[in-house]
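Scope of the values below: all heavy atoms of this structure, side chains included, with no hydrogens, waters or symmetry mates.
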Amino acid sequence: MKLEAKALQTRRIVLGVTGGIAAYKSAILVRRLKDYGFDVRVVMSHGAQAFITPLTFQALSGYPVHTELLDAEAESGMGHIELARWADLLLIAPASCDSIAKCANGLADDLLSTIYLASKAPVWVAPAMNQQMWAAKSTQRNLTTLVEDGVHIVMPEAGEQACGDVGLGRLAEPEQIAAAVNDFFAQAERDISEKFGLLAGKNVVITAGPTRELIDPVRYISNHSTGKMGFAIAEACYAAGAKVTLISGPVSLNTPNGVQRIQIQTAQEMLEASLQLVEACDVFIATAAVADYRVAHVAEHKIKKAGDELTVSLIKNPDIVATIAQQQQRPFMVGFAAETQNIEEYAKAKLKAKKLDMIACNDVSRSDIGFASDENAMTVFFAEQYHLPQRILEKAAKKDIAMQLVDSIAKALAGS
Ligand code: C5P
């Protein structure tokens, strides 16, 4: 399974493996780290080599394993200082009692402890040891020192140990350690986006998916919207440093990382949620395929089959984006239009009629893009006061289109 790495560029991890039976789990850990797209170089202590061979890690990481501090040949390749500088993160797993003691007390008598001292990279330590050794006052004292020094600990788990004891000290699962490291990088990137991203500090509200207009307790009127475009935009806005709230109709998509989701069914509920959020909102993006009409009187009980015809009378739903655009303190308003002909003319008319700042229009007569597709193509128009030319977004993955839309919004905001 190839997980999507959160890193914009390949992140480099020096994995220190120290002595203990849990060293075998580090082989799996290398795989999990590589699944996230990390570049991994392994450093082994002498103790670790009694449990697992450097060759195993060489095969898994794809690089020679580093074992010696005072080895002229090794130092002529990637020496300890170079490794220390190369690392974006130093991960010690399993971290033995001895390696923890060395790091906590500034010893530098082997390769790993020397790299620890020589590196500016953040350090993660996943201890593994006998439960009695874990509980020892000196171990706990050393761990406290490491935490005070800014080292992150992936706590060991409780359970049966290889030595037969039962208690705390079992190495955390490789999946958990790899996820902790990945989350750490993701958070670091997030912190940067929040400061410097295109939508840094902006509150963005996005409507997405279809609405469901109830006929009776078991039936409804809806449409084929999948919500893919809105969800992709939510993801792109979050990546650009915004605080994102997604008001979504019923869709089968996972909520993007970091995005707050409000689940609604009807257009009326979507409007209410939007109105509640409008005050603190800087950018409102309406991607939802809102049902234009709802049933005038929703039946309290299931409508029974009777007669050859059934008439259900419909009344107009509120236009959510137009309603929000009329608010006194209105956010930057982005709407969408799906047209089959005279795209520019209709899109510009809609931009004016709904008092939008920007409209993204797709040509739904094209069979290769649209609703359920993973791709889209659009033309973006801005309200006159922005003095921005129309922007054509050629056919691309919805994810890429979403990023270009974020860029368009940021350009308009910068000029307003
Ligand atoms: O009028 P039309 O449905 O073509 O407008 C599309 C745009 O208006 C989209 O941005 C859609 O999310 C929004 N809209 C809305 N509330 C409605 C109908 C459309 O917010 N009731």
Side-chain angles (χ1 to χ4, degrees), residues 2-6 8 182-183 186 189-190 193-194 197-199 202-212 222-267 269-274 276-278 281-291 320-321 324 331-338 356 358-362 364 368-378 380 393 395-410:
K2 183 88 184 158
L3 299 174
E4 195 184 333
K6 297 285 187 285
L8 294 175
N182 189 56
D183 288 352
E189 268 166 26
R190 175 78 197 139
S193 295
E194 270 180 355
L198 282 174
L199 296 181
K202 300 282 182 212
N203 275 310
V204 178
V205 175
I206 301 165
T207 66
T211 62
R212 266 183 197 173
S222 191
N223 58 63
H224 289 300
S225 168
T226 59
K228 279 183 185 169
M229 196 62 238
F231 276 59
I233 292 172
E235 209 171 336
C237 288
Y238 180 73
K243 183 172 167 286
V244 185
T245 310
L246 189 56
I247 306 172
S248 176
V251 294
S252 57
L253 296 172
N254 292 328
T255 309
N257 183 31
V259 169
Q260 200 205 336
R261 175 168 173 175
I262 298 173
Q263 193 60 48
I264 56 88
Q265 276 211 73
T266 65
E269 288 168 1
M270 187 173 268
L271 176 65
E272 279 160 25
S274 303
Q276 273 182 20
L277 294 169
V278 70
C281 171
D282 300 301
V283 180
F284 189 93
I285 307 174
T287 71
V290 184
I320 297 165
V321 80
I324 301 296
F332 182 87
M333 299 297 302
V334 183
F336 282 73
L356 304 176
M358 178 178 135
I359 193 159
C361 186
N362 51 357
V364 284
D368 57 332
I369 51 172
F371 264 165
S373 165
D374 286 326
E375 293 190 311
N376 215 339
M378 290 187 164
V380 176
L393 313 181
K395 184 180 161 187
K398 282 187 173 166
K399 211 172 94 189
D400 297 323
I401 296 282
M403 288 196 289
Q404 294 184 65
L405 288 172
V406 164
D407 186 64
S408 302
I409 293 168

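Side chain of E375 to backbone of K398: no donor-acceptor contact under 3.5 angstrom is found. Without hydrogens or angle criteria, S222 side chain to T211 main chain gives a donor-acceptor distance under 3.5 Å. The closest donor-acceptor contact from the side chain of R261 to the backbone of N254 lies at 3.5 Å or more, if one exists at all. Side-chain atoms of N362 do not come within 3.5 Å of backbone N or O of N376 as any donor-acceptor pair.
Across all their heavy atoms, T287 and A208 have their closest contact at OG1-CA, 3.4 Å. Summarising the geometry of V290 relative to A267, their closest heavy-atom pair is CG1-CB, 3.5 Å, with the distance given to 0.1 Å. Closest non-hydrogen pair, T255 versus F231, comes out as CA-CE2, 4.3 Å. Contact record, E269 with Q265: OE1-N, 2.7 Å, taken as the closest heavy-atom pair. Shortest non-hydrogen contact noted between A286 and T207 is CA-OG1, 3.2 Å. A pairwise comparison of heavy atoms in I359 and A337 identifies CD1-CB, 3.9 Å as the closest pair.
Put simply, CG on L356 and CZ on F332 are 9.5 Å apart, with the number rounded to the nearest 0.5 Å. If you take CD1 on I233 and CD on Q404, they are separated by 11.5 Å, rounding to the nearest 0.5 Å. The NZ atom of K228 sits 7.5 Å away from atom CG of L253, with the distance rounded to the nearest 0.5 Å. Taken to the nearest 0.5 Å, the CD atom of Q260 stands 6.0 Å off from the NZ atom of K243. Rounded to the nearest 0.5 angstrom, I264 CD1 and S248 OG are separated by 7.0 Å. Atoms CD1 and OG, from I324 and S274 in turn, are 5.0 Å apart once rounded to the nearest 0.5 Å.
By the side chain to side chain donor-acceptor pair (under 3.5 Å) test, Q276 is found to be paired with no residue, residues two or more places apart in sequence or in another chain being considered. In this structure S193 satisfies the side chain to side chain donor-acceptor pair (under 3.5 Å) test with no other residue, sequence neighbours excluded.
Side-chain atoms of I262 and L277, non-hydrogen and from C-beta on, do get closer than 4.5 Å to each other. Between E235 and V259 there is no side-chain heavy-atom pair separated by less than 4.5 Å. No side-chain heavy atom of V278 sits under 4.5 Å from any side-chain heavy atom of F284. Side-chain contact between I285 and C237: present, with at least one pair of heavy atoms (C-beta onward) separated by less than 4.5 Å. Using a 4.5 Å heavy-atom cutoff, the side chains of P331 and V205 are not in contact.
Residue L199 forms a side chain to side chain contact (heavy atoms under 4.5 Å, CB included) with just one option from I409, D407, D282, and that option is I409.
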